[in-house]
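Since the structure comes first, as structure tokens, the remarks are kept for the end.
Computed from a predicted model, the values in this text were never measured in an experiment.
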Amino acid sequence: MAERSKGFLPQLIGNAQIETTTDDVAFLAAISQRKYDVVCFAPGACRWSAAKKPIPGGNEATRGWGLDEYRDFVRLHQGADVPIVETTQEPDLVPLLRQALKLN
């Protein structure tokens, strides 16, 4: 889904540039190396975290992490003021991203 979203999501959120990652090596590198206007966690990851279960797919550094740990990592590298979008429901994603990008 992350890769497919590149084909339709930008038009729905003001033609914003998006970068998707589906593994923690790429995610940790991206968050560490570049500043983002908004960070969004996938609804599937949010559902795992809401169920109080570790998010699958972690690497050695992130094994057992939930959204709390990912959020802390984002804040450490992006700053306390970067908006983080989280939802367990896909239909809520576009409105939340538009709000975070101040497009409403």
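Between Pro10 and Ala16, the shortest heavy-atom contact is CB-O, 3.4 Å. Taking all atoms of both residues into account, the shortest heavy-atom contact from Ala100 to Val38 is CB-CG2, 3.8 Å. Nearest heavy atom pair, residue Gly14 against residue Leu103, reads N-CD1, 3.7 Å. The two residues Ala80 and Arg75 have their closest heavy-atom pair at O-NH1, 3.2 Å.
Atoms CG and OG1, on Leu96 and Thr87 in that order, are 5.5 Å from each other to the nearest 0.5 Å.
A 6.0 Å sphere centred on CD of Gln11 holds more than 12 heavy atoms belonging to other residues, nucleotides or ligands. Applying the 6.0 Å contact sphere to CG of Asp37 captures no more than 12 heavy atoms from other residues, nucleotides or ligands.
Apart from Tyr70 itself, the hydrophobic cluster it occupies contains Phe27, Leu28, Ile31, Tyr36, Val39, Phe41, Trp48, Ile55, Trp65, Leu67, Phe73, Val74, Val82, Ile84, where clustering links Ile, Leu, Val, Met, Phe, Trp and Tyr at side-chain heavy-atom distances under 4.5 Å.
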Report task. Check the pair Val85, Leu93 against side-chain contact (heavy atoms from CB on, under 4.5 Å), reporting the backbone distance first and the verdict last. Result -> CA-CA 8 Å; Val85 172; Leu93 203 53; 4.1 Å; yes
Query raised in the report: Where do Asp68 and Arg71 land on the salt bridge (Lys or Arg N to Asp or Glu O under 4.0 Å) test, with the steps shown first?
Result: CA-CA 5 Å; Asp68 289 339; Arg71 231 182 272 114; 2.7 Å; yes
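Annotation: salt bridge (Lys or Arg N to Asp or Glu O under 4.0 Å) contacts of Glu19 (sequence neighbours excluded): Arg34. Partners of Asp81 by salt bridge (Lys or Arg N to Asp or Glu O under 4.0 Å), not counting sequence neighbours: none found.
The existence of a salt bridge linking Glu90 and Arg47 is confirmed by a sub-4.0 Å separation between a basic side-chain nitrogen and an acidic carboxylate oxygen.
Between Leu9 and Leu97 there is a side-chain heavy-atom pair separated by less than 4.5 Å.
Of the possible donor and acceptor atoms, none in the side chain of Arg63 sits under 3.5 Å from a partner among the backbone N and O of Gly58.
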